[in-house]
Amino acid sequence: MNNFQMYRHIMSPGWTLGWTWAKKEVIWSMVGAQTTEQGDCSKFKGNIPHCCKKTPTVVDLLPGVPYNQQFTNCCKGGVLAAWGQDPQSAVSAFQISVGLAGTSNKTVKLPKNFTLLGPGPGYTCGPAKVVPSTTFLTPDRRRKTQALMTWNVTCTYSQFLARKNPNCCVSFSSFYNETITPCPTCACGCQNKNNCVKSDSKFLKMVGLNTPRKDNAPLLQCTHHMCPVRVHWHVKLNYKEYWRVKVSITNFNYRMNYTLWSLVVQHPNLNNVTQVFSFDYKPLVPYESINDTGMFYGMKYYNDLLMEAGPLGNVQSEVLLRKDKDTFTFKQGWAFPRKVYFNGDECMLPSPDTYPFLPNSAHQHLSFTSFTFIAAMFFLFVTLW
């Protein structure tokens, strides 16, 4: 299983893969994964298959299982990294021994109705397609063997299938305006408004508050936007040739922490990033002629884990960007991103007419300052003369 998504990973509790057998196949044994149910194997005597269900459901094994149950790239609890973030960890594999399926590529029939949960809904899988047989090298790498038959299944993700409402929102602020543009009201839907917890509630002191539920139901901090995650973009400083932005990500879900989180931002000045201080950064260039999108993600073992809501439930960094004299401006909200994605899902941005605006007096003040400086220099020159 290869996760080719550049900035969307499959987080805990991990992937779940299912399919429907074409005939009366059974799974005799598995390494690297297991089915969630054995099914009815009463017709077998002696050796009992691992799974007899017509529609098996497979999950990854947890880390630390015995070596005789492991397989290459297995046993990560179903967690798959994004391809753009860590290609080596974006692969999962397991091996099954199938019975009653036939003994040649003419008698073996392709399974159908593949499903993938990652970990929730959102993925749609196409039919299995026969491709050239996979080849394998022997340990001495001098001989090549090939599989009798190989097929691929492609699954695509849709945020609209995964959930009705966004899962994150964006707020803005700047040094040149005291106005803070908050996330839109009920940006992520207000269906959890009656079950939220205030930040000063005594309920937060209860033991087991942060334990996830089996249905992954969130426990959100009460906010006007009711989003599990908020991204804040602050235009911090303006230099002669550079400008500086502070990016903060805050978690408002008491039952969820985000491992291997990623943040994707689209902005025209990301074509000239000088330095990112506390996050790792990678430009995303799907089209060679356009370089306006980049991926931020946590540094390994430092801030790649966004903790649950509370004092530690945030990560932040600053970004230094070099100005392009032909395009750079603070007017009309140019300094704010066009799109923002958290963990592969698009976040809701505020309405453009609410962005912090550049005061009309800013240019006049700038001109007055320059005039005063020139006049002072002229006065100094006359005095010395």
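Along the sequence shown, the residues carry numbers beginning at 1. Atom set for the values below is all heavy atoms of this structure, side chains included, hydrogens, waters and symmetry mates excluded. None of these values were measured; they are calculated from a predicted model.
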Worked check of side chain to side chain contact (heavy atoms under 4.5 Å, CB included) between Ile290 and Gln266: CA-CA 11 Å; Ile290 303 175; Gln266 183 182 13; over 6 Å; no
Step-by-step disulfide bond (SG atoms under 2.5 Å apart) determination, Cys169 to Cys183: CA-CA 6 Å; Cys169 64; Cys183 288; 2.2 Å; yes
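- Side-chain polar atoms of Thr250 and His232 form no donor-acceptor pair below 3.5 angstrom.
- A distance below 6.0 Å separates the ring centres of Tyr157 and Tyr123.
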Working for disulfide bond (SG atoms under 2.5 Å apart), residues Cys227 and Cys168: CA-CA 5 Å; Cys227 287; Cys168 53; over 6 Å; no
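- Distance check: Leu305 CG to Leu260 CG gives 9.0 Å after rounding to the nearest 0.5 Å.
- The line from CD of Glu308 to CG of Asn251 is 7.5 Å long, rounded to the nearest 0.5 Å.
- Ring centroids of Phe342 and Tyr7 are separated by 6.0 Å or more, keeping the two rings apart.
- At most 12 heavy atoms of other shown residues, nucleotides or ligands fall within 6.0 angstrom of atom CD in Gln332.
- Here the closest non-hydrogen pair linking Val65 and Leu62 is CG1-O, 3.1 Å.
- Checked against Trp261 for a ring pair (Phe, Tyr, Trp, His ring centres under 6.0 Å), the options Tyr297, Phe279, Phe296 give a single hit: Phe279.
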Evaluation steps, side chain to side chain contact (heavy atoms under 4.5 Å, CB included), between Asp280 and Tyr302: CA-CA 11 Å; Asp280 282 331; Tyr302 175 59; over 6 Å; no
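- In this structure, Tyr258 and Pro228 approach most closely via the heavy-atom pair OH-CB, 3.8 Å.
- For NZ of Lys23, the number of neighbouring non-hydrogen atoms (other residues, nucleotides, ligands) closer than 6.0 Å is greater than 12.
- Interatomic distance, His50 NE2 to Met30 CE, rounded to the nearest 0.5 Å: 5.0 Å.
- Heavy atoms from other residues, nucleotides or ligands lying under 6.0 Å from CZ of Phe44 number more than 12.
- Residues Tyr301 and Asp304 come closest through the heavy atom pair N-OD1, 3.6 Å.
- A donor-acceptor pair shorter than 3.5 Å can be found between the side chains of Thr150 and Thr134.
- Considering every non-hydrogen atom in both Phe172 and Pro350, the closest pair reads CE1-CD, 3.7 Å.
- In the hydrophobic clustering, Leu320 connects to Leu237, Tyr239, Tyr242, Phe277, either directly or through intervening members, whenever side-chain heavy atoms lie under 4.5 Å apart.
- The pair Lys53-Asp40 does not count as a salt bridge, with every side-chain nitrogen at least 4.0 angstrom from each carboxylate oxygen.
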Trp243 and Asn269: CA distance, side-chain angles, deciding distance, side chain to side chain contact (heavy atoms under 4.5 Å, CB included) verdict: CA-CA 10 Å; Trp243 62 296; Asn269 211 157; 2.7 Å; yes
Audit row: Trp334, His267, ring-ring contact (aromatic ring centres under 6.0 Å, His included) steps and yes/no: CA-CA 9 Å; Trp334 185 91; His267 189 282; 4.9 Å; yes
From CA spacing to verdict: ring-ring contact (aromatic ring centres under 6.0 Å, His included), Tyr254, Phe252: CA-CA 6 Å; Tyr254 289 103; Phe252 292 99; 9.0 Å; no
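- Thr223 and Met226 make their closest contact through OG1-N, 2.9 Å (heavy atoms, listed as atom of the first residue, atom of the second, distance).
- The CG atom of Asn3 lies 10.5 Å from the CE atom of Met6; values are rounded to the nearest 0.5 Å.
- Around the CZ atom of Phe357, the shell of radius 6.0 Å holds no more than 12 heavy atoms that belong to other residues, nucleotides or ligands.
- The two residues Cys347 and Val170 have their closest heavy-atom pair at CB-CG2, 3.7 Å.
- In this structure, Asp60 CG and Thr16 OG1 are separated by 10.0 Å, a value rounded to the nearest 0.5 Å.
- We find the NZ-NE2 distance between Lys193 and His224 to be 8.5 Å, quoted to the nearest 0.5 Å.
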